[in-house]
Amino acid sequence: MSSPAKRIALLTSGGDCAGLNAVIRAVVIHATNLDWEVFGIEDGTHGLIERPVCARKLTLWDVDTFMLRQGGTILGTTNKGNPFAYPMPDGSTQDISDKIIEGLHSIGCEAVIGIGGDGSLAILRKLAQQGGFTLIGIPKTIDNDLGMTETSIGFDTAVSVATEALDRLQPTAASHDRIMILEVMGRDAGHIALATGIAGGADVILIPEVSYSLEKIADHIKAIRKRGRNFALIVVSEAVKTAEGENLMVSFENGETRFGGIGHYIGAKIAALCKAETRVTVLGHVQRGGQPSAQDRLLASAFGVHAVELIREGKVDRMVAWSNREVIDVPIAEAIAHYQQIDPQSALVKTARGLGICLGD
Ligand code: F6P
């Protein structure tokens, strides 16, 4: 049997989102058509710690069109276990980066396509520099906070899911004269909340990039009620702080923390100030699962094909990106460095204000 022209590794890393399988499919189809071999690494870099490494050759048989429609990632992923400070059973941390690089070399891969957000791409980049392998990044994150790309895989689906939630909350809010609060995800950036609030006709959108006053929100809702509308919709991003400036978090048994609680906080405060009934929906991981939207499937397909092309052209240390109706590529370092929160002067913030939506300020 003739040896392949190239052998590349593919992995998904960080929190999952809709559209990851569509990227895997695009990479495998394009690379296979070039007579390359693609090895899918399981559970991000974790698969490279195991011996033998947890990796399998992906063929056209593995990536039928069902992959376009399927949420999650067939490779598995993790947002834990930084290999440069890997948690050991005794509570200490250890640098196991050499083991991961050795694992990659053991399957003869000369390049890695890493699908991840800013944290994962930063780790993969450090590994690539240390191990001397080619790395091409593909941006994915429902938070849409990676720099140098207009959008990332998973964002559009998350916004569609959250918008559908508002569509469902509105009639029940109207039936019961209630104020509905929808808490959406977004670690430190309010892109999901802003896009959802506009698309779903919210009256109030709270994002971490714009500080708010509870009284201003209450006045806005009172004015709506005075005009004769009996309900209101509020979208709040999980990373919004309390009026006192505190981040509300939930803690897990393993000591990790995540945002959680701001929806209920806003609900209680607004109920008291407006003397109205409030109900809170925390959307959570529903935003990450399920079928990817058509937009995410397109983005995933375009990104996957372009990533393979970059390896063919001998490019290194690049991330594929979306800009001005085109797939382009940018230095991974710049994408990581330019963390993208919402610019308070951006078009969507102006749109929200132009529609009379209260941002709390
Ligand atoms: O970064 C993606 C994200 O979904 C954030 O929006 C959210 O805060 C976080 O991950 C949740 O992480 P986990 O899946 O570990 O609960």
Side-chain angles (χ1 to χ4, degrees), residues 11-21 23 43-46 71-73 75-82 87 114-124 137-147 149 151-163 165 182-197 205-209 235-242 246-266 280-293 296 299-300 319 335-336 338-342:
L11 58 84
T12 47
S13 185
D16 78 323
C17 64
L20 294 177
N21 284 326
V23 190
D43 300 329
T45 50
H46 279 196
T73 160
L75 295 177
T77 187
T78 178
N79 57 6
K80 295 184 185 62
N82 176 355
I115 311 166
D118 57 347
S120 304
L121 291 181
I123 289 170
L124 289 172
I138 298 184
K140 66 87 220 168
T141 162
I142 66 163
D143 299 346
N144 203 19
D145 53 2
L146 248 168
T149 181
T151 189
S152 292
I153 293 159
F155 174 64
D156 186 69
T157 305
V159 172
S160 305
V161 170
T163 301
L182 177 67
E183 181 184 312
V184 296
M185 280 185 165
R187 191 158 31 198
D188 305 317
H191 297 284
I192 298 177
L194 182 59
T196 298
I205 302 173
L206 302 177
I207 53 177
E209 295 86 347
V235 180
V236 57
S237 179
E238 63 177 1
V240 166
K241 293 182 164 67
T242 65
E246 187 197 348
N247 271 324
L248 294 181
M249 311 297 290
V250 286
S251 307
F252 300 100
E253 277 167 23
N254 63 1
E256 286 188 16
T257 58
R258 293 289 183 272
F259 286 121
I262 192 65
H264 286 281
Y265 168 88
I266 296 287
V280 180
T281 302
V282 181
L283 213 46
H285 292 78
V286 172
Q287 295 156 97
R288 297 218 311 233
Q291 285 200 337
S293 66
D296 273 331
L299 200 63
M319 183 188 85
I336 298 164
H338 296 101
Y339 180 74
Q340 202 163 290
Q341 279 196 300
I342 293 174

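Remember, it's 1-based here, ligands and their atoms both numbered in the order they're listed. In this chain, residues are counted from 1 in sequence order.
Shown in contact with His285 at under 4.0 Å from a heavy atom are these atoms of ligand 1, numbered in order with element: 13 (P), 14 (O), 16 (O). For ligand 1, the atoms closer than 4.0 angstrom to any heavy atom of Arg187 are 1 (O), 6 (O), 8 (O), 9 (C), 10 (O). Listed by atom number, the atoms of ligand 1 under 4.0 Å from Gly186 heavy atoms are 6 (O).
Counting protein heavy atoms only, atom 10 (O) of ligand 1 is closest to Arg288 NH1, 3.2 Å. At the shortest separation from atom 2 (C) of ligand 1 among protein heavy atoms lies Asp143 OD2, 3.5 Å. Remark: minimum distance from atom 7 (C) of ligand 1 to any protein heavy atom is reached at Glu238 OE2, 3.4 Å.
In this structure, a donor-acceptor pair under 3.5 Å is absent between the side chains of Thr73 and Asp16.
Looking at Met319 and Thr149, their side chains come closer than 4.5 Å, going by heavy atoms from C-beta outward. In this structure, Tyr339 and Asp118 have side chains that are in contact, with non-hydrogen atoms separated by less than 4.5 Å.
Residue-to-ligand polar distances keep Thr141 apart from ligand 1: every N/O pair is separated by 3.5 Å or more.
The part of Arg258 lying near ligand 1 is the side chain, judged by heavy-atom distances below 4.0 Å.
In this structure, Gln287 does not count as a contact residue of ligand 1, since none of its heavy atoms falls inside 4.0 Å of the ligand.
Across all their heavy atoms, Gln340 and Ala189 have their closest contact at O-CB, 4.1 Å. Of all non-hydrogen atoms in Ser237 and Met185, the two that sit nearest each other are OG-O, 4.2 Å. Across all non-hydrogen atoms, the minimal contact from Ile192 to Gln287 is CG2-OE1, 3.8 Å. The two residues Thr157 and Gln291 make their nearest non-hydrogen contact at CG2-O, 3.4 Å.
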